[in-house]
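For reference, the structure discussed in these notes is given below.
This structure is a prediction, so every number in the text was calculated from the model and none was measured. All values below come from the heavy atoms of this structure, side chains included, with hydrogens, waters and symmetry mates left out. Whatever order the structure lists them in is the order used to number ligands and atoms, beginning at 1.
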Amino acid sequence: MPLVLVILGRQGSGKGTQAALLAERYGVVHVSTGDMLRAAVAAGTELGLRAKAVMDAGDLVGDDIMIGIVDERLADDDIEAHGVLLDGFPRTTAQADALAEILGGTGPDMAINLDVPIDEVTDRMLARGRDDDTEEAISRRLELYEAETAPLLAWFEERGRLTVIDGLGTEDEVFARLTDVISAI
Ligand code: AMP
């Protein structure tokens with residue numbers, strides 16, 4: 001299996017932007033499950049129709065659906081050839097367990113948590129004004145993040161795969177911190 005990296009962080013932490021920059025720098029495929037879902041919503045596919053209400057409410061799409069989508073995507077040739085940076089997946093420990101199984105039991109090579117405090121991400125999300133960024137949806141997503149996604153940090157830590165990066169600062173400063181740790185592996 002090629003290089004598999006995971007980037008974690010609260011919504012609004014800048015992980016999407018940094019993931020795109022990192023994918024370009026290292027030549028790996030950037031897979032954002034949020035982007036995949038938004039594309040499905042825009043295309044009006046059956047998945048999109050099912051996901052839209054869940055996303056608008058700030059809830060998480062079901063594990064089975066998400067695991068199915070990612071399992072299928074990871075089987076594509078471009079990922080086999082170039083490796084992958086997963087952005088937005090896994091979001092729950094059930095998804096992390098499934099990912100480890102898909103990868104043959106070893107799990108991803110490294111998970112990076114881009115750490116930005118709650119107050120700061122709330123301000124950033126309100127400022128970007130995306131359709132699904134109502135105040136209710138934002139606080140719901142952050143609540144869910146603490147409840148469901150934060151245990152993922154423990155999951156990766158227990159396996160010795162977690163690196164925490166300070167996500168405060170300019171885009172360039174954060175990118176430099178990220179490349180420092182990734183280049184080391
Ligand atoms: P994101 O762009 O990563 O913030 O994702 C936007 C929305 O898509 C989230 O609020 C969830 O509703 C849904 N979503 C994306 N990735 C996942 C995932 N791995 N598990 C469950 N829901 C997801």
Side-chain angles (χ1 to χ4, degrees), residues 4-23 29-76 79 84-103 107-108 111-118 120-156 161 167 174 178:
V4 179
L5 299 173
V6 170
I7 187 159
L8 303 166
R10 297 188 173 95
Q11 290 87 358
S13 63
K15 77 179 156 61
T17 306
Q18 294 291 342
L21 292 170
L22 289 170
V29 181
H30 176 204
V31 170
S32 157
T33 47
D35 284 351
M36 289 171 83
L37 291 171
R38 281 185 289 276
V41 170
T45 63
E46 198 188 317
L47 166 67
L49 294 176
R50 286 165 72 183
K52 188 176 188 320
V54 178
M55 292 169 76
D56 284 347
D59 285 328
L60 290 180
V61 175
D63 284 333
D64 289 352
I65 293 178
M66 295 311 304
I67 291 164
I69 292 172
V70 170
D71 190 11
E72 208 171 285
R73 183 67 183 91
L74 289 179
D76 289 342
I79 290 176
V84 66
L85 174 58
L86 287 169
D87 165 12
F89 185 96
R91 263 299 211 286
T92 63
T93 52
Q95 291 178 13
D97 287 337
L99 178 63
E101 197 171 314
I102 292 166
L103 298 175
I112 297 169
N113 181 34
L114 195 55
D115 191 34
V116 178
I118 287 184
E120 174 69 19
V121 293
T122 303
D123 289 349
R124 290 185 192 180
M125 276 193 275
L126 284 171
R128 76 185 177 181
R130 213 169 66 186
D131 260 9
D132 58 344
D133 282 342
T134 60
E135 259 191 271
E136 295 71 37
I138 290 170
S139 70
R140 172 92 184 118
R141 289 202 295 264
L142 288 173
E143 216 175 86
L144 263 180
Y145 184 85
E146 302 313 316
E148 302 231 32
T149 313
L152 270 181
L153 302 182
W155 191 99
F156 285 110
R161 301 280 165 92
V174 175
L178 288 165

Heavy atoms from other residues, nucleotides or ligands near CD of Glu101 exceed 12 (cutoff 6.0 Å): no
Above 12 or not: heavy atoms from other molecules or residues under 6.0 Å from CG of Asp131? no
Among Leu85, Leu22, Val84, which residue satisfies the side chain to side chain contact (heavy atoms under 4.5 Å, CB included) criterion with Leu5? Leu85
Distance filter under 4.0 Å to [X] heavy atoms, resulting ligand 1 atoms:
X: Gln11; result: 4 (O)
X: Met55; result: 7 (C), 8 (O), 12 (O)
X: Met66; result: 16 (N), 17 (C), 18 (C), 19 (N), 20 (N), 21 (C)
X: Gly88; result: 16 (N), 17 (C), 18 (C), 19 (N)
X: Gln95; result: 18 (C), 19 (N), 20 (N), 21 (C)
X: Asp59; result: 11 (C), 12 (O)

Between the main-chain N or O of [Y] and the side-chain N or O of [X], is there a donor-acceptor pair closer than 3.5 Å?
X: Thr33; Y: Gly88; result: yes
X: Thr149; Y: Arg91; result: yes
X: Arg73; Y: Val31; result: no

Just to check, does Met36 reach to within less than 4.0 Å of ligand 1 when the distance is taken from its heavy atoms? no
With rounding to the nearest 0.5 angstrom, report the CZ to CG distance, Arg141 to Leu60. 10.0 Å
Looking at atom 6 (C) of ligand 1, what's its closest protein heavy atom, distance included? Arg38 NH1, 3.5 Å
Would you mind finding which of [options] brings a heavy atom closest to [atom]?
atom: atom 16 (N) of ligand 1; options: Val61, Ile69, Thr33; result: Thr33
atom: atom 15 (C) of ligand 1; options: Leu37, Asp87, Asp63, Asp35; result: Leu37
atom: atom 5 (O) of ligand 1; options: Arg141, Arg91, Met125; result: Arg91

Test side chain to side chain contact (heavy atoms under 4.5 Å, CB included) applied to Asp59 and Leu144, step by step: CA-CA 7 Å; Asp59 285 328; Leu144 263 180; 4.1 Å; yes
